[in-house]
Amino acid sequence: MIGSILYYALYPLSRYMTSRRLHAGASKKAFPPSMDNDKALCDGGAVTTRTLSQINKLDQWLSQGSGTKGEMEERMKEPSPEQEYDTLQLMVVLHETTKKEADSKMSEGESAVKAEEAETRNGQLQDTVETPEQGDGEITDHHEVFNTKQNTEDGSISPTEDLNQGLAPGSQLACLLTEDSTQESPSPESVTRAEPRVQETTGSVQVQRLEKPMPPAETPAEVTECWDEYLASVAEGGESSSELIFSSLLSNTQPQLKVSGQHETQAGWHFPAGRGLAEELQCPLWQFPAASYYPPIDSTVGFEVTWRVWEKVDESATAAEPLPFTNASMDFTVMSYNILADDLLQANQELYTHCPLEVLDWSYRCSLLLEEIQKWEPDILCLQEVQENHYHQQLYPALSQMGYTCVYKRRTGTKRDGCATCYRSSCFSEVSVATLEFFRPETELLDRHNVGIIVLLRPVVMNGSVVKAKGPPLCVANTHLLFNPRRGDVKLAQLAIMLAEIGSVIKSCNAKGEHCNLILCGDFNSIPSMPLYQLITTGELYFQGLPAWMISGQEDLSHRAYGHRLCVPLWPSSLGITDRCQHTTAYKEESKSRSQKSGKGQYSHDFMRQLRFCPTACIRPLDLQLIPGVTDITPDASSVNQPDKSFSHTISHRLDLESVYQHVLPGSGNPEVTTLHSEGGSTVDYIFYSRRRSATWDPSAGAFAIRGLKLIGSLSLLSEDVLWSMKGLPNDIFPSDHLSLLARFQLDLNAV
Amino acid sequence: MNNKFDALKDDDSGDHDQDQGSPKDSEKEKTEDEDKDQNSSKRKMVVPGAGEHPLQYNYTFWYSRRTPGRPASTQSYEQNIKPIGGFASVEQFWRFYSHMIRPGDMTGHSDFHLFKEGIKPMWEDDANKMGGKWIIRLRKGLASRCWENLILAMLGEQFMVGEEICGAVVSVRFQEDIISIWNKTASDQATTARIRDTLRRVLNLPPNTIMEYKTHTDSIKAWVDFHGLVNPSGGR
């Protein structure tokens, strides 16, 4: 019995892997990182060898199971009385618990659907049905949903159900900790972790699921705080149905989620479903075909569950000490989103061959995008790839209506897209805006048309009816660096311009005695842990001799003959930016003001070096004893341009930045991806922030000074597997080839 | 050079030896007195020029080189070390520095010392005798850049340890170069830690660079042990 269960659970996996493998042989296309296993097989790479044995095992299971398959299917089609009973029970419970919220007009069918959905989110008391109308037709649809769902449930292989039958709900908890707990189960506990559930019919995949130990079950309150839409699917054909759960989705459920009263406030966060649920059910489905890497749309298969889970930051892990006092604070959310300009989509259609044409349509994507923004209500919104005409015709009017003030900067050159930074006028007021063009005609290196926006905001606090700007300034920097994977040198120079400009903004705040918090986000076209990322997060990069492609690490080009390596200086001094990513003039001023202010003879290296060949220094001192070979050197002013004198092998910056995302999915350890197209997925978008360090007593202010932002939570990303299971990006739910990044911060309003 | 010991001795080897700036022979009191006179007279003379950027302290450059072919033990440390000139401003510093060879281009067994005016680059100096130094051994090729970064940090008061800094030394040796920075109070751990951290920051050192702190009393003791002398400097 268990063997056959395993067979059915793993069958699609084996099919998936086999088809991928076959395809890998047939196609030379690069595989996304999450396909490592397959890669190892087809490339003979060194990634892992485990897969082979896995597949062998699966093959064994396959042949083993084939004898019992028919039998199994029959059994599966039999309605299971216990299960019906369970479901009924659940419905009753849900009816009770959801009584208050339940729409009075809600029909039986609707509540049934509701019950279905509620399972997955622990009976959350929300109106979860996202259908646009509530007509009779709708009800019928839901009946259908429920019925078909019921069928698949009947047919599902769910050891949990078997095990749980007759058990009290509480005792089912233990079962949930087993590998099978991911199986669909009507027990309320199964959803307390906001467990994502995927119903698949054929050719679907679940990798790693079985090895994953489940995080301990959480209390219901935690999960209810946020969830995404659950879309059920139906097997319409004669295909055998099996239910699979995506482990990577499961991994999104955070063991460290804490129970908190605040959860209720976020309970309404609900990912937009796009079209109505009923419609979704009819949406075309796909398989992994053996012949083509990018499967054609196959309308006989369907499934969809997309979960992006709101993850709270575990305070016990991050807060070094509880603050010994209470300060006024303000929470705000920041979204960074590369929305995929339509021009670029059209120009690179080969990247989106996996997408049905309708999801590539701009007006469709635009409506999804606006829905998504409306859903999450970010207080600050940093968009990239915003096409100028779309900004003016659609986005700006819509965003204004939502209460945003927007700053737009189109790229230089011929491309029509650009960046937009929007903020909720009710939360922030604008102190200053700087738009940056990285194209510098006088600098050969900087010949690319990328831009950035820096806005300096001040929190707005409503005091009764009086709007009052209050609290420390917040610098929000938004950029989209060059894509070209081979030109890491250009990316670094672009980043340096950004950092230098941010430095100036922050310095201007410091000059007024204010500490400035910083958020730097956007599409950096660089993957985690590679040099560019390192520079941002560690503040330093020894670049001398690094191959240019390695800076971003988007592609491993080590095998190619791109011999270009970075050397000193990275950019000419005419750019006016030092190797510390500061404006040269700012340096002078800083040094000057510091030496004048302190009067203690403090000078920076750069300041002192500027005087190296001043007229005084070029005259030989009269009292300098002439020692041949030691003191007989003649100063050579031309050497001032020698790279090693003015520009070190290291570039650095002084902004203390940390990434909101950790780039691996908790639990599974799978890499998060922020972008995915037909050539693979990776993390290239980031939200960096100046993190709150411990509070220090500031005697001059007579108060504790808190500097930096406290990260409260973020919207989980997804793994590549999961995104492919949703037919890649863009799709019916996510309108871009990037995912939105969303983080919530706490800003201390009393900070000095 | 008949046996290893002699060879070593001749090469002036041993830890103390590599930490140049150690007083091998300071028996010549006369020289010391002369230096003092020189320094005191210079002190009055060395002032920042108009419009120049004054340094917090005045400094003196010193140069030393072991005469080749003579056993180290017979050479007076003080004989070998020569003040090159003093300065009081950033501009004046560059005047000297720009007319001097870069340490990385030096050959032989040579040292540059840069000490605050009035402090001799010797363990026995009043300012140094309770002190110690941070030592960083560098592979060949790094000395010029590190030395410049080190002294700019010192002159620019970036160590932020009050009056604790005495001076800095760069020693060119056969297979490696050594830079060190001396401070007044070896027992002041907060200060030595701060100096170390600043060094790491300003020198752009590779992360695995080893930094060693050594008190001058230990240096003297090691020197005495090695040379088997009760009183290394003879006259003192």
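So you know, we letter chains A, B, ... as the sequences are listed, proteins then strands, and number each from 1.
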Open item on the list: With rounding to the nearest 0.5 angstrom, report the CD to CE distance, B:Glu91 to A:Met608.
Closed with: 9.5 Å
Task: Region of B:Asn149 in contact with chain A, defined by heavy-atom distances below 4.5 Å - done: both
TODO: Evaluate whether atom CG of A:Leu626 has more than 12 neighbouring non-hydrogen atoms of other residues, nucleotides or ligands under 6.0 angstrom away.
DONE: yes
Open item on the list: Does B:Glu148 form a side chain to side chain contact (heavy atoms under 4.5 Å, CB included) with A:Arg609? I'd like the steps, not just the answer.
Closed with: CA-CA 10 Å; B:Glu148 188 175 304; A:Arg609 285 191 171 116; 2.9 Å; yes
Task: Least distance between heavy atoms, A:Gln602 atom then B:Glu157 atom - done: NE2-O, 3.3 Å
Task: Contacting moiety of B:Glu52, where chain A heavy atoms sit under 4.5 Å - done: side chain
Task: Verdict with reasoning, B:Leu55 to A:Tyr603, per side chain to side chain contact (heavy atoms under 4.5 Å, CB included) - done: CA-CA 9 Å; B:Leu55 296 170; A:Tyr603 302 104; 4.1 Å; yes
TODO: For chain B, find which of A:Val630, A:Thr634, A:Asp632, A:Leu624 contributes the most heavy-atom pairs closer than 4.5 angstrom.
DONE: A:Val630
Open item on the list: Please give me the minimum heavy-atom distance between A:Ile633 and B:Ile101, naming the atom from each residue.
Closed with: CG1-N, 3.3 Å
- [ ] Inspect the surroundings of CE in B:Met211 and state if more than 12 heavy atoms from other residues, nucleotides or ligands are less than 6.0 Å away.
- [x] yes
Task: Structural part of A:Leu622 lying under 4.5 Å from a heavy atom of chain B - done: backbone
Task: From CD (B:Gln92) to SG (A:Cys614), nearest 0.5 Å - done: 10.0 Å
TODO: Please test A:Phe607 against B:Leu152 for side chain to side chain contact (heavy atoms under 4.5 Å, CB included), starting from the C-alpha separation and ending with a verdict.
DONE: CA-CA 10 Å; A:Phe607 176 77; B:Leu152 290 182; over 6 Å; no
Task: For the student: nearest non-hydrogen atoms of A:Ala617 and B:Ser98, plus distance - done: O-CB, 4.3 Å
Task: Heavy-atom closest pair, residues A:Arg620 and B:Arg95 - done: O-NH2, 3.6 Å
Task: Spatial distance of atom CH2 (B:Trp94) from atom OG1 (A:Thr616) [nearest 0.5 Å] - done: 13.5 Å
Task: Contact origin within B:Tyr97 toward chain A - heavy atom pairs under 4.5 Å - done: side chain
Task: chain B contact via A:Thr650 - side chain, backbone, both or neither, heavy atoms under 4.5 Å - done: side chain
Open item on the list: More than 12 heavy atoms of other residues, nucleotides or ligands under 6.0 Å from CD of B:Glu163: yes or no?
Closed with: no
- [ ] Pick one of side chain, backbone, both or neither for B:Tyr63, based on which atoms fall under 4.5 Å of a heavy atom in chain A.
- [x] side chain
Task: Nearest heavy-atom neighbours spanning B:His99 and A:Pro621 - done: ND1-CD, 3.9 Å
Task: Nearest-0.5 Å distance, CD1 of residue B:Ile151 to NE2 of residue A:His605 - done: 9.0 Å
Open item on the list: Within this structure, what is the CD1-NZ distance for the pair A:Ile627 and B:Lys82, rounded to the nearest 0.5 Å?
Closed with: 6.0 Å
